[in-house]
Amino acid sequence: MAKVKNNKLKARLPRGFTDRAAADIRATDEMLAKIRTVFERYGFDPVETPAFEYTDCLGKFLPDTDRPNAGVFSVQDDDEQWMSLRYDLTAPLARHVAENINEIQLPYRTYRAGYVYRNEKPGPGRFRQFMQFDADTVGAAGVQADAEMCMMMADTMEALGLKGQYIVRVNNRKILDGVMEAIGLGGEEDGERRLTVLRAMDKYDKFGSEGVALLLGEGRKDESGDFTAGAQLSQAAIEAIVEILDATAIDDLIDDTNNLTFKTAALSKFAVNKHFEDGFRELKLINDLVEGAGYMSDRIKIDPSVVRGLEYYTGPVYEAELLFDVTNEKGEVVQFGSVGGGGRYDGLVKRFTGRDVPATGFSIGVSRLATALKNLGKLGTDDVVPPVLVTVMDGDTEALGRYQKMTQALREAGIRAEMYQGNWKKFGNQLKYADRRGCPLAIIQGSDEREAGEIQIKDLIEGKRLSGEITDNVTWRESRPAQITVKETELVERVKAMLAEQAEDRAKAGN
RNA sequence: GCAGACGUAGCUCAGUUGGUUAGAGCGUCGGAUUGUGGCUCCGAAGGUCGGUGGUUCGAAUCCACCCGUCUGUACCA
């Protein structure tokens, strides 16, 4: 006989995507609710945009080709226009604001959560579909809007139970622009090298000063032997940049008592320029604003090594970082990086409107943060009790109706309950099902009980405990452990009482 | 994309220098037990050894290419 087997379709999930189970969904919902509460309290309103956008609105066409960037999932509509799945929530917001600019009251304060998609190589904790939760203020030019964002990020982290375990670090793109200019990379033609330098700086967490110094100079070889080309900067420039990265506060770098001057050895070989000065002034202002509101440097801190978002940020940039080690399911400490970040993007809406519409906002990586919270035990404690199972002894219509009625009575009393929907003829399987689902109780009524106007309530949790003491199956079956007989009319009341007892036991065990 | 490692049952893995019919544990299903979960015992199903081509009398084993997974690295709005 030929093997039909070969025709079987292989069930497989696209790589970088994941299915989420009940506990995960409930935990994430809980987390989203906490974040939303903070954003609402700050006076932000929700808005939702779709997963797809026209690719040109996302600004992701490759230069010199008519195809979108490979990093975004793209399809062609039936009129041949390119559409792409959004890769963040900021570009679609800019589109939404631009398209509705006449109806929207600026400054527009808004938040939204949603999945975003990146066509990149997935890794541990890195997916091709993941959730972000964003908040933005559109149409506010002053740095007080940026300061507010930083404070809201800090409040969000605390609402999630992370008080004292995070830091919001703030920098300004103008500072970095000033540095680029100072080391001679300020020109139009140096764009590519500037990017290389910024990317190298962004690797500071990963490779430390030495690794970054290599990337700024000759280049770096990784452990598999692969070589990454460097930015070929001068020794003086490399040292100056490393000084910035090593600095823990901006005051370590700058003396502002009389005019602005660099304090450190390598940096002071370069002159302070306009960009740098502007950036510095803005940072100072943010610092004063947040401190004035009571957010000291243990929560929000100026840090000149923050790089972030190379493309569209124009001013202040900020990110939230966790201060504890995150271990994965294998027990290894993983490089976690930031769990959220953002900044000022003054040019994004202008692309559509031609009008200056300054904006600032940040994004929380929901999936990553959820992983971290789970590790801390601050999330994922699934306290939803599985349903009470009403077992089926007789399958005739009338009997089924009675079981269904019992189930309904429990539901009406606010108790999760279900009638067994499998093959009722194998009664053992019904209890096996209940056991594996973790059902707290099973309701049993056969013809004997029926005639006596009674039902049996079986405590499956207590029964499981007792099973350890019984080795003989006949005894196990006949003793009907943890099972009581009650009047049919007392069903709801007795079930309620037994569930309450179990809840009490769980609470005790938890302490 | 680049570099390296690895692909054997649903899962975790054995499989000798290339040699008969590719194994184990766990899980699944059936039975012992038609009205009672767990334990125990008995039995069964489940594999074109990632794919294709090549070398060979003979390939899970050797070679080439492809696909996939993992690790590092690049890119990451």
Side-chain angles (χ1 to χ4, degrees), chain A residues 2-3 5-8 10-16 58-60 68-72 84 86-92 94 116-124 126 128 130 132 195-196 199-200 202-203 206-207 211 215 219-229 307-313 330 332 335 337 341-343 345 348 363 389 391-394 423-439 441-450 456 458-483:
Chain A
K3 293 224 169 188
K5 189 95 219 216
N6 304 353
N7 300 333
K8 263 204 296 197
K10 172 98 177 155
R12 60 210 182 105
L13 191 60
R15 69 199 182 100
L58 296 177
K60 277 296 161 183
N69 184 310
V72 303
S84 297
R86 61 188 177 193
Y87 52 81
D88 69 11
L89 297 176
T90 311
V116 300
Y117 304 83
R118 296 189 186 179
N119 193 2
E120 293 165 358
K121 188 186 132 180
R126 287 191 72 174
R128 299 205 290 176
F130 56 96
Q132 292 192 331
L195 271 181
T196 309
R199 283 172 190 149
D202 210 21
K203 301 273 186 307
K206 215 167 175 180
F207 302 144
L215 285 171
R220 179 179 178 278
K221 200 182 269 190
D222 73 43
E223 46 203 75
S224 69
D226 197 22
F227 183 77
T228 310
V307 181
R308 283 207 77 78
L310 306 169
E311 266 179 54
Y312 57 53
Y313 290 131
K330 290 178 198 153
E332 302 156 339
Q335 277 283 344
Y345 50 99
L348 223 45
S363 174
L389 183 73
T391 59
V392 175
M393 279 291 199
D394 297 303
N423 178 8
W424 63 272
K425 287 179 181 162
K426 299 203 183 286
F427 187 69
N429 284 351
Q430 300 196 36
L431 289 181
K432 201 185 225 174
Y433 166 85
D435 186 46
R436 295 197 181 168
R437 274 209 75 176
C439 293
L441 303 173
I443 309 300
I444 302 165
Q445 188 188 51
S447 51
D448 298 349
E449 292 86 0
R450 165 82 183 135
Q456 308 238 6
K458 191 176 186 67
D459 184 334
L460 292 163
I461 312 286
E462 177 65 4
K464 195 184 206 76
R465 198 183 64 73
L466 292 174
S467 78
E469 297 159 18
I470 302 170
T471 52
D472 165 51
N473 188 258
V474 176
T475 314
W476 164 245
R477 289 166 63 132
E478 287 177 356
S479 71
R480 297 185 176 178
Q483 191 166 327

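Each chain gets a letter, A, B and so on, in the order the sequences are listed, and its residues count up from 1. Quantities reported herein were computed from a predicted structural model and do not represent experimental measurements.
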Please measure how far the C1' atom in B/C67 lies from the corresponding atom in B/G53, and state the result in whole Å.
14 Å
Is any side-chain nitrogen or oxygen of A/Trp476 closer than 4.0 Å to OP1 or OP2 of B/C39?
no
Considering only heavy atoms and no angle criterion, is a donor-acceptor pair shorter than 3.5 Å present between the side chain of A/Lys206 and the base of B/U73?
no
Sugar-phosphate, base or nothing in reach of A/Gln430, heavy atoms under 4.0 Å
nothing
ring centroid sep under 5.5 Å plus plane angle under 30, A/Tyr87 with B/A77
yes
Touch check for A/Val474, heavy atoms < 4.0 angstrom, all strands: base, sugar-phosphate only, or nothing?
nothing
Between protein and nucleic acid, restricted to nucleotides 25-29 of chain B and to nitrogen or oxygen atoms under 3.5 Å apart, what atom pairs and distances do you find?
unit_1, atom_1, unit_2, atom_2, d
B/U28, OP1, A/Arg436, NH1, 2.8
B/U28, OP1, A/Arg436, NH2, 3.4

Euclidean distance for P, B/G23 against B/G30 (whole angstrom)
26 Å
Of the options B/C76, B/U36, B/U73, whose atoms approach the side-chain atoms of A/Phe207 most closely?
B/U73
Any base atoms under 4.0 Å from A/Arg15, or only sugar-phosphate, or nothing? Heavy atoms, all strands.
sugar-phosphate
Pairwise C1' distance for B/U8 and B/G51, with rounding to whole Å:
15 Å
Given the rule in the side chain to side chain donor-acceptor pair (under 3.5 Å) test, do A/Tyr117 and A/Asp88 qualify, once you have shown the distances and angles that lead to the verdict?
CA-CA 8 Å; A/Tyr117 304 83; A/Asp88 69 11; over 6 Å; no
A/Arg220 side chain N/O closer than 4.0 Å to the phosphate oxygens (OP1, OP2) of B/U73?
no
Donor-acceptor pair under 3.5 Å: do we get one between A/Lys121's side chain and the base of B/G72?
yes
For RNA chain B, what string of dots and brackets results from 5' to 3' when Watson-Crick and G-U pairs need both distances under 3.5 Å, crossing pairs get [ ], and pairs with another strand get |?
(((((((..((((.....[...)))).(((((.......))))).....(((((..]....))))))))))))....
Please confirm whether the shortest side-chain N or O distance from A/Lys221 to OP1 or OP2 of B/A74 is below 4.0 Å.
no
Identify whether any heavy atom of A/Asp394 sits under 4.0 Å from a base atom; if not, whether one sits that close to sugar-phosphate; answer base, sugar-phosphate or nothing.
nothing
Using a 4.0 Å heavy-atom cut-off, does A/Gly428 contact any base of the nucleic acid, only the sugar-phosphate backbone, or nothing at all?
sugar-phosphate
So what does A/Lys458 touch, heavy atoms closer than 4.0 Å: a base, only the sugar-phosphate, or nothing?
base
Does A/Glu478 contact B/U36 through a side-chain donor or acceptor facing the base, at a distance under 3.5 Å?
no
Taking the same atom, P, in B/G27 and in B/U12, what whole-Å distance lies between them?
15 Å
Polar atoms only, N or O, under 3.5 Å: list the protein pairs with nucleotides 43-45 of chain B and their distances.
none

Classify A/Thr228 by what it touches in the nucleic acid, base, sugar-phosphate, or nothing, heavy-atom distance under 4.0 Å.
sugar-phosphate
Looking for any heavy atom pair under 4.0 Å, which part of the strands does A/Asn69 touch: base, sugar-phosphate only, or nothing?
nothing
Roughly how many Å apart are B/A60 and B/G19, using the C1' atom of each and rounding to a whole number?
13 Å
So for A/Glu449 and B/G35, does any side-chain atom that can act as donor or acceptor lie under 3.5 Å from a complementary atom in the base?
yes
Taking atom P in both B/C13 and B/C75, what distance in whole Å separates the two?
33 Å
Check A/Lys464 with A/Asp435, please: is the shortest side-chain N to carboxylate O separation under 4.0 Å?
yes
Any N or O donor-acceptor pair under 3.5 Å from the base of B/A74 to the side chain of A/Glu120?
no
Think A/Arg220 forms a cation-pi with A/Phe207, using NZ or CZ under 6.0 Å from the six-ring centre and within 45 degrees of its axis?
yes
Classify the side chain of A/Arg199 versus the base of B/C75 as yes if they form a donor-acceptor pair under 3.5 Å and no if they do not.
no
Between B/G35, B/C75, B/A77, which one does the side chain of A/Met393 approach most closely?
B/G35
Using modelled atom types and a 3.5 Å cut-off, is there a donor and acceptor pairing between side-chain atoms of A/Gln430 and backbone atoms of A/Trp424?
yes
Regarding A/Ser447, tell me which of base, sugar-phosphate or nothing describes its non-hydrogen contacts under 4.0 Å with the strands shown.
base
For the pair A/Arg86 (side chain) and A/Ala91 (backbone), establish whether a donor and an acceptor sit closer than 3.5 Å, ignoring hydrogens and angles.
no
Is a donor on one side and an acceptor on the other found under 3.5 Å between the side chain of A/Glu449 and the backbone of A/Gly446?
yes
